[in-house]
Chemist: 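I have a structure I would like to understand better, so I am pasting it below and will then ask my questions one at a time.
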Amino acid sequence: MLKKISVSQVRLGMHIHALEGAWIDHPFWKTKFVIRDHNDLAKLHSSGLPGVWIDPEKGLDLADATGHLPGLRAPARAVEAPAAAPVVQPAAPASRMPPEPDRDLKSELTQAAALYKEGRARVVSMFSEARMGKAVDAEQCLPLVNDIADSVFRNPGALVSLARLKTQDDYTYMHSVAVCALMVSLGRELGLDEAGCRDAGLAGLLHDLGKAAMPLDVLNKPGKLTDEEFTVMKSHPDRGHEMLLEAKGASAGALDVCLHHHERMDGSGYPHKLPGEQISLLARMGSVCDVYDAITSNRPYKAGWDPAESIAKMASWQGHFDPKIFQAFVKSLGIYPVGSLVKLQSGKLAVVVDQNPKALVTPMVKVFFSTKSQMPLNPQLLDLTRSIDKIVGRENPATWGFKQLDELWAGDKLPKR
């Protein structure tokens, strides 16, 4: 039977079934978990939440004085917290995300592919309700943000890379999922804590909500927009901001990114032409993530650019992005992101299939073509950290006309077109 207790009564070993209050107000990704860590306990005690629900069948009961719980290693009585909530020092460091991915890309692709489908369905539903004039419930987006974040923490490249392969018809919806994943990955690279990464992910998921108010013939136009049509499209940050003001549970960060993700550091952006010092951290992050996914994706009017080529082009656009944030973004993706076509010193061509977080210039690649013989090779994985071969440059896939490049790294997890 579930029990409601005050936050100050929570002890190590208790199973938290639900946290009262808005999700944005608490410091945890999950709402159902066992409190096993002193830092988590301190964060909960200092959260200001009105109460929690515990499940005594899955963890300690309030009256349990022994501290015994299956799965917890020999908990001692000294672990019990005092009756009063502990004082948390202001200087206590925020918890950080794991510094390195837990899975290789191949292992994560299966779950990322399932999340790709789930994310699309949820965002389609959200946009449909917004088009019908219904208020968006941002709190209902939290489970999707959590799932995306979990995938990113296990391997940043899997979902980000799959989402880049969205079809033209899926662009509007999967762009939101991709930017959510990119924001979480970038937030982690910048050292944001759990709450900060979650807020960044939610902001990414909601940043283009205003496109639900755009005329479909303009939004999905296969050719270049006229000046009048572009003016209409430039109104989407304001329209999205208006929608989020009426939404339930939209954070201040989500509102800010929705309104300002098209601002530029040199003041040339829109809608307010803000100079760099007036653009928030989250909006600066949103600007980088939004542009990267846009230029690497197939759109109704153009094919997406190669990931490595996109990074190089973005680096050349002076005044667009915050240099420090862009540098962190490149580090989060890799100099040669997954899916990039590269040329090796041996004259072979390869596609990047995974990153080496400790050495960005030596990713895992799949060799498949010889430029010397101009003949395809049997695809073979090559870990450049263990090889004398090395990358000498990126290649433009359009120049070579390869048709199956994405299948080389995504395999059967490639989204159906």
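For this chain, numbers begin at 1 and follow the sequence in order. As the structure is a computational prediction, the values presented were derived from the model and not from experiment.
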Chemist: Looking at Asn298 and Gly304, would you say the former's side chain and the latter's main chain have a donor-acceptor pair under 3.5 Å?
Modeler: yes
Chemist: Relative to the ring of Trp317, is the ring of Phe321 parallel (under 30°), tilted (30 to 60°) or perpendicular (over 60°)?
Modeler: tilted
Chemist: Main chain of Phe153, side chain of Arg188: is a donor-acceptor contact present, judged purely on distance under 3.5 Å?
Modeler: yes
Chemist: Closest approach of Ala283 and Val257, non-hydrogen atoms and distance?
Modeler: N-CG2, 3.9 Å
Chemist: If you measure only the distance, is there a donor-acceptor pair under 3.5 Å linking the side chains of Arg394 and Ser340?
Modeler: no
Chemist: Which atom pair, heavy atoms only, marks the closest approach of Ser47 to Val7?
Modeler: OG-CG1, 4.4 Å
Chemist: Report yes if some heavy atom in the side chain of Met364 is under 4.5 Å from a heavy atom in the side chain of Leu105; otherwise report no.
Modeler: no
Chemist: In terms of side-chain heavy atoms, does Asn356 have a donor or acceptor partner in Thr385 at a distance below 3.5 Å?
Modeler: no
Chemist: Over all heavy atoms of both residues, which pair between Ala328 and Glu189 is shortest? Give the atoms and the distance, please.
Modeler: O-CG, 3.3 Å
Chemist: Taking atom CE of Met375 as the centre, report whether more than 12 heavy atoms of other residues, nucleotides or ligands fall under 6.0 Å from it.
Modeler: no
Chemist: Are any non-hydrogen side-chain atoms of Leu349 and Phe402 less than 4.5 angstrom apart?
Modeler: yes
Chemist: If you define the side chain from C-beta out and look only at heavy atoms, does anything of Leu259 sit under 4.5 Å from Pro271?
Modeler: yes
Chemist: Tell me whether Lys234 forms a cation-pi arrangement with Tyr270, defined as NZ or CZ under 6.0 Å from the six-membered ring centre and within 45 degrees of its axis.
Modeler: yes
Chemist: Quick one about Asp208 and Ser176 (side-chain donor to acceptor, distance below 3.5 Å, no hydrogens or angles considered), yes or no?
Modeler: no
Chemist: When you measure from the side chain of His261 to the backbone N and O of Pro237, does any donor-acceptor pair fall under 3.5 Å?
Modeler: no
Chemist: Take atom CD in Gln380; do more than 12 heavy atoms of anything else shown fall under 6.0 Å from it?
Modeler: no
Chemist: Is the side chain of Thr362 donor-acceptor paired with the backbone N or O of Ala359 at a distance under 3.5 Å, no angle test?
Modeler: yes
Chemist: Please check if any side-chain donor atom of Glu108 sits under 3.5 Å from a side-chain acceptor atom of Ser151, or the reverse.
Modeler: yes
Chemist: Within this structure, what is the CE-OG distance for the pair Met126 and Ser128, rounded to the nearest 0.5 Å?
Modeler: 10.0 Å
Chemist: May I ask you to check whether Thr172 and Lys211 show a side-chain donor-acceptor distance below 3.5 Å?
Modeler: no
Chemist: Under a 4.5 Å cut-off applied to non-hydrogen side-chain atoms, are Leu186 and Cys289 in contact?
Modeler: yes
Chemist: Examine distances only and state if a side-chain atom of Gln140 and a backbone atom of Asp137 form a donor-acceptor pair shorter than 3.5 Å.
Modeler: no
Chemist: Any side-chain to backbone donor/acceptor pair from Ser46 onto Lys43? Under 3.5 Å, distance only.
Modeler: yes
Chemist: Checking Ser287 side chain against Arg284 main chain: does a donor-acceptor pair fall under 3.5 Å?
Modeler: no
Chemist: Report the C-alpha separation of Ile335 and Val361 in whole Å, then their side-chain angles, then the decisive distance to 0.1 Å, and conclude whether the side chain to side chain contact (heavy atoms under 4.5 Å, CB included) test is met.
Modeler: CA-CA 7 Å; Ile335 297 173; Val361 296; 3.9 Å; yes
Chemist: Looking at Glu57, I'd like to know if its CD atom is crowded, meaning that more than 12 non-hydrogen atoms belonging to other residues, nucleotides or ligands lie closer than 6.0 Å.
Modeler: no
Chemist: Val123 versus Met174: any side-chain heavy-atom pair under 4.5 Å?
Modeler: no
Chemist: For the CG atom of Leu219 and the OH atom of Tyr171, what is their distance to the nearest 0.5 Å?
Modeler: 10.0 Å
Chemist: Distance alone, cut at 3.5 Å: any donor-acceptor contact between the side chains of Glu228 and Thr231?
Modeler: no
Chemist: For the residue pair Pro215 and Val232, what are the closest heavy atoms and their distance?
Modeler: CD-CG1, 3.8 Å
Chemist: Look at atom CD of Gln327 and say whether more than 12 heavy atoms of other residues, nucleotides or ligands are closer to it than 6.0 Å.
Modeler: no
Chemist: Nearest 0.5 Å, please: how far is CG in Asn155 from NZ in Lys106?
Modeler: 13.5 Å
Chemist: Donor-acceptor pair, Ser161 side chain versus Gly157 backbone, under 3.5 Å?
Modeler: yes
Chemist: Evaluate Val52 against His17 for side chain to side chain contact (heavy atoms under 4.5 Å, CB included), listing each step before the verdict.
Modeler: CA-CA 8 Å; Val52 302; His17 179 80; over 6 Å; no
Chemist: Looking only at heavy atoms, what is the nearest atom pair of Ile311 and Phe326, with distance?
Modeler: O-CZ, 3.6 Å
Chemist: Is a side-chain donor-acceptor pair under 3.5 Å present for Asp104 with Ser107?
Modeler: yes
Chemist: Answer yes or no: is there a side-chain heavy-atom contact under 4.5 Å between Arg164 and Val160?
Modeler: no
Chemist: Would Arg120 and Asp170 pass as an ion pair if we require N to O under 4.0 Å?
Modeler: yes
Chemist: Do Cys180 and Val177 have side chains that approach each other closer than 4.5 Å (heavy atoms only, starting at C-beta)?
Modeler: no
Chemist: Identify whether NZ of Lys or CZ of Arg in Lys313 sits under 6.0 Å from the centre of the six-membered ring of Trp305 and within 45° of that ring's axis.
Modeler: yes
Chemist: What is the distance from atom CD of Glu139 to atom OG of Ser251, rounded to the nearest 0.5 Å?
Modeler: 11.0 Å
Chemist: Indicate yes or no: does Glu263 engage Lys273 in a salt bridge with an N to O separation below 4.0 Å.
Modeler: no
Chemist: For Lys413, does the NZ atom have more than 12 heavy-atom neighbours from other residues, nucleotides or ligands under 6.0 Å away?
Modeler: yes
Chemist: To the nearest 0.5 Å, how far apart are CG in Leu405 and CG in Asp306?
Modeler: 7.5 Å
Chemist: Is it the case that Asp290 and His207 place a side-chain donor and acceptor less than 3.5 Å from each other?
Modeler: yes
Chemist: Decide side chain to side chain contact (heavy atoms under 4.5 Å, CB included) for Ile391 and Leu384; before the verdict, give the C-alpha distance in whole Å, the side-chain angles of both, and the deciding distance to 0.1 Å.
Modeler: CA-CA 8 Å; Ile391 294 175; Leu384 292 179; 3.6 Å; yes
Chemist: Looking only at heavy atoms, which two atoms of Val352 and Pro337 are closest? And how far apart?
Modeler: CB-O, 3.6 Å
Chemist: Would you call Asp55-Lys3 a salt bridge at under 4.0 Å N-O?
Modeler: no
Chemist: Distance check, rounded to the nearest 0.5 Å: Ile279 atom CD1 versus Leu274 atom CG?
Modeler: 5.5 Å
Chemist: Tell me whether Lys366 contacts the main-chain N or O of Leu381 through its side chain, where contact means a donor paired with an acceptor under 3.5 Å.
Modeler: no
Chemist: Under the side-chain hydrogen bond (donor to acceptor under 3.5 Å, both in side chains) criterion, do Lys348 and Ser370 qualify, and how do the steps go?
Modeler: CA-CA 4 Å; Lys348 298 174 182 177; Ser370 170; over 6 Å; no
Chemist: List the steps and the verdict of ring pair (Phe, Tyr, Trp, His ring centres under 6.0 Å) for His260 and His241.
Modeler: CA-CA 9 Å; His260 294 134; His241 187 256; 7.5 Å; no
Chemist: When you look at Leu377 and Val367, which way does the side chain to side chain contact (heavy atoms under 4.5 Å, CB included) test go after all the steps?
Modeler: CA-CA 7 Å; Leu377 305 171; Val367 178; 3.9 Å; yes
Chemist: Do side-chain atoms of Ser268 reach the backbone of Arg264 as a donor and acceptor pair under 3.5 angstrom?
Modeler: no
Chemist: Using a 4.5 Å cut-off on heavy atoms from C-beta on, say whether the side chain of Thr226 contacts that of Lys221.
Modeler: yes
Chemist: Does the side chain of Arg103 come under 3.5 Å of the side chain of Gln111 through a donor N or O and an acceptor N or O?
Modeler: yes
